[in-house]
Amino acid sequence: MEIINKEKWIQDLLTWYRENARVLPWRSEPTPYRVWVSEIMLQQTRVEAVKPYFERFLSAVPDIPSLAVIDDDMLHKLWEGLGYYNRVRNMKKCAQVCVEKHKGKLPASYEELLNLPGIGEYTAGAVASIAFHEAVPAVDGNVLRVFSRLMVSEDDILELKTKRKFQMIIQDLMPKDHPDEFNQAVMEIGALICVPNAAPRCNICPLAEHCHGYREGKAHYLPIKKAKARRRIEKKTILILIHKHKIAVRQRPKEGLLASLYEFMAYEDHLTRNQIQEKLMQSGYVIDKMIKLTSAKHIFTHLEWHMNGYLILCEDLGKCEDFTWVSVAEMETKYAIPTALKIYRDAAVQWLKSEGDI
DNA sequence: AAGTCGGGGCT
DNA sequence: AGCCCAGACTT
């Protein structure tokens, strides 16, 4: 299957993009640093979710040298709620490499970008084409979906060879004088017209006359993707320890889920009040009061947390070397808490503030 | 090739 | 309740 009338296809695409492209913060001034930050934030993340983070991050961390030396807690706080926290840690590593080897700048070629931490084939292609105008493809989920439908491809788009196939096709057909607009235009079609999880809007698609999926009435069941593994469930008991208007937090391990973010005391399984008291007493805590909080469920990609939460007022600190006692103000400004635990942080903050009024 | 890593909005 | 999002990295 090939794209019919290549020249007209591309001209229709670019004309549509120039008239319909969304105005986005990272498009107005596509410097390498801004494009890179936006592309990392946009990995597996919707445009609307990124918007409130982008300018705030750029203001706090205006360039690569400042990113290379930023405090890790501040880095996590800037990313708090955005998810996939490895992204921002890899950005810092990448910035350090740029300072050491590239005079504090991003290297200007696809091949060099690809070697940097956190930059894979898609992001290398996006930065190279948008910031440096190099004619290389940038194949993301949008592009895979759009081309599956355009070409009536029944290849599984989750397979590596399918991505490779589309990379080759796009490398060959993309206009070498406007790689930035071409790559963004295909993604924009995917975001606005050839949408996921809903019927494609073929009636207003500028590429409809070139689209084999549309012409054969097959666009709606493409692309093909194989089923994903189902999630497992973890039961947890979350304990918010409070002593002298401060909350006990500890840092999670440096690797794994929610690495290096902060959390509250927690146990596996759903414990009864007696079991909780027993465990806390064993650790030397004297419980003054125990308040049941709302239960909560948090869904990750491959995991669910089913949580029971308790607010615990303690008299004695016990043996709690691995916990730090933090004020409400510190909680809000310094310690990054994963969204899964946000309702418990908010409950603790609210309780402490209302208690102060009484 | 399969598993890990977040969070949210839509269907 | 499942899907997928301007994916990368590890095993």
Side-chain angles (χ1 to χ4, degrees), chain A residues 21-22 24-27 30 34-54 76 79-91 93-94 113-131 137-146 156-163 167 180 182-192 194-200 220 223-233 252-261 297-305 336-343:
Chain A
R22 289 168 293 179
L24 301 174
W26 44 91
R27 281 186 176 159
R34 291 173 65 89
V35 171
W36 172 51
V37 172
S38 72
E39 291 300 342
I40 300 297
M41 285 186 172
L42 286 162
Q43 288 170 3
Q44 296 292 286
T45 308
R46 295 168 192 280
V47 166
E48 292 308 314
V50 167
K51 279 181 179 176
Y53 287 85
F54 183 72
H76 289 125
W79 211 264
E80 182 183 45
L82 202 50
Y84 285 154
Y85 300 91
N86 268 326
R87 291 185 290 177
V88 75
R89 287 188 288 273
N90 280 334
M91 277 179 65
K93 289 182 193 168
C94 181
L113 288 164
L114 190 55
N115 284 327
L116 293 168
I119 298 186
E121 292 178 343
Y122 164 74
T123 303
V127 174
S129 63
I130 299 170
V139 177
D140 71 334
N142 285 311
V143 178
L144 289 168
R145 183 176 58 258
V146 170
D156 184 341
I157 62 169
L158 292 182
E159 289 186 14
L160 195 57
K161 62 182 180 185
T162 305
K163 186 175 77 168
Q167 283 172 335
D180 51 338
F182 176 85
N183 283 336
Q184 292 184 87
V186 179
M187 290 190 279
E188 198 80 344
I189 289 282
L192 301 181
C194 202
V195 294
N197 296 331
H220 61 282
I224 305 294
K225 295 178 86 163
K226 69 170 160 297
K228 298 176 180 175
R230 51 168 294 182
R231 289 186 292 269
R232 70 177 184 277
I233 294 173
R252 292 176 59 80
K254 303 290 184 195
E255 296 191 343
L257 184 68
L258 303 168
S260 296
L261 272 69
K297 177 168 72 174
H298 187 83
I299 302 174
F300 300 93
T301 302
H302 58 289
L303 183 66
E304 290 184 24
W305 278 0
I337 299 286
T339 299
L341 299 175
K342 189 170 179 297
I343 62 162

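Remember, predicted model here, so these are calculated numbers, not experimental data.
- Between K225(A) and G120(A), the one whose closest nucleotide on DNA chain C sits nearer the 5' end is K225(A).
- In this structure, E80(A) atom CD and dG8(B) atom P are separated by 11 Å, rounded to whole Å.
- A residue-by-residue look at L114(A) and Y122(A) shows that Y122(A) has its nearest nucleotide of DNA chain C further toward the 5' end.
- In summary, the side chains of Q43(A) and Y122(A) do not present any donor paired with an acceptor at a separation below 3.5 Å, with no hydrogens or angles considered.
- Taking atom CG on L303(A) and atom C1' on dG3(B), their separation rounds to 13 Å, with Å as the unit.
- One atom, CD of E159(A), and another, P of dA2(B), lie 8 Å apart when rounded to the nearest Å.
- Checked by distance alone, T45(A) brings no side-chain donor or acceptor within 3.5 Å of a matching partner on the base of dG7(B).
- The interatomic distance linking F300(A) (CZ) with dC5(B) (P) rounds to 10 Å, in whole Å.
- Here chain A contacts DNA chain C (any atom closer than 4.0 Å to a heavy atom, that is under 4.0 Å), and the contacts span dA1(C) to dC9(C) from 5' to 3'.
- Among the protein residues, R89(A) comes within range of no part of the nucleic acid, since none of its heavy atoms lies under 4.0 Å from any strand.
- Note on R230(A): nothing from the nucleic acid sits closer than 4.0 angstrom, heavy atoms only.
- D156(A) CG to T162(A) OG1: the interatomic distance, rounded to the nearest 0.5 Å, is 6.0 Å.
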Q: Kindly indicate, with the supporting measurements, whether the criterion side-chain contact (heavy atoms from CB on, under 4.5 Å) is fulfilled by L144(A) and V139(A).
A: CA-CA 7 Å; L144(A) 289 168; V139(A) 177; 3.7 Å; yes
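- Under 4.0 angstrom from either OP1 or OP2 of dG7(B) there lies at least one side-chain N or O belonging to Y85(A).
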Q. Can you check side-chain contact (heavy atoms from CB on, under 4.5 Å) on I119(A) and W36(A), steps first, answer last?
A. CA-CA 9 Å; I119(A) 298 186; W36(A) 172 51; 3.7 Å; yes
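- Partners of F54(A) according to the ring-ring contact (aromatic ring centres under 6.0 Å, His included) rule, which considers only residues two or more places apart in sequence or in another chain, are W26(A).
- The gap from the C1' atom of dC5(C) to that of dC5(B) amounts to 15 Å, rounded to the nearest Å.
- Between R231(A) atom CZ and dC5(B) atom P the separation is 15 Å, expressed in whole Å.
- Within the 4.0 angstrom heavy-atom criterion, base atoms lie near L24(A).
- Rounded to whole angstrom, the span from the CH2 atom of W79(A) across to the P atom of dG6(B) amounts to 12 Å.
- The residue among G256(A) and K226(A) whose nearest nucleotide of DNA chain B is located toward the 5' end is K226(A).
- Minimum interatomic distance between A49(A) and T45(A) (heavy atoms only, all atoms of both residues): CB-CG2, 3.8 Å.
- S38(A) comes within contact range of no nucleotide atom at all, as no heavy-atom separation falls under 4.0 Å.
- Residues F300(A) and H302(A) keep their aromatic ring centres 6.0 Å or farther apart.
- For P338(A), counting side-chain heavy atoms from C-beta on, the closest listed nucleotide (dG7(B), dG6(B), dG3(B)) is dG7(B).
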Q | Verdict with reasoning, T301(A) to Y84(A), per side-chain contact (heavy atoms from CB on, under 4.5 Å) | A | CA-CA 11 Å; T301(A) 302; Y84(A) 285 154; 3.7 Å; yes
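- Atom NZ of K226(A) has more than 12 heavy atoms from other residues, nucleotides or ligands within 6.0 Å.
- OP1 and OP2 of dG6(B) both lie 4.0 Å or more from every side-chain N or O belonging to H298(A).
- Within 4.0 Å (heavy atoms only), T301(A) reaches at least one base atom of the nucleic acid.
- Residue Q43(A) contributes atom CD, which lies 12 Å from atom C1' of dC5(B) at whole-angstrom precision.
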N/O to N/O distances under 3.5 Å, protein versus nucleotides 9-11 of chain B:
none

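- Computed from coordinates, the I337(A) CD1 to dG7(B) P distance equals 11 Å when rounded to whole Å.
- Note on K342(A): nothing from the nucleic acid sits closer than 4.0 angstrom, heavy atoms only.
- Taking atom C1' in both dC3(C) and dG6(B), one finds a spacing of 15 Å when rounded to whole Å.
- Among the atoms of the strands shown, only primed sugar atoms or phosphate atoms (P, OP1, OP2) are found under 4.0 Å from some heavy atom of E121(A).
- Here the separation of dC9(C) from dG8(B), taken at their P atoms, is 24 Å to the nearest Å.
- Atom OG1 of T339(A) sits about 7.5 Å away from atom NZ of K342(A), to the nearest 0.5 Å.
- Within 4.0 Å of I119(A), counting heavy atoms only, lie sugar-phosphate atoms of the nucleic acid but no base atom.
- No salt bridge links R46(A) with E48(A); every basic N to acidic carboxylate O contact stays at or beyond 4.0 Å.
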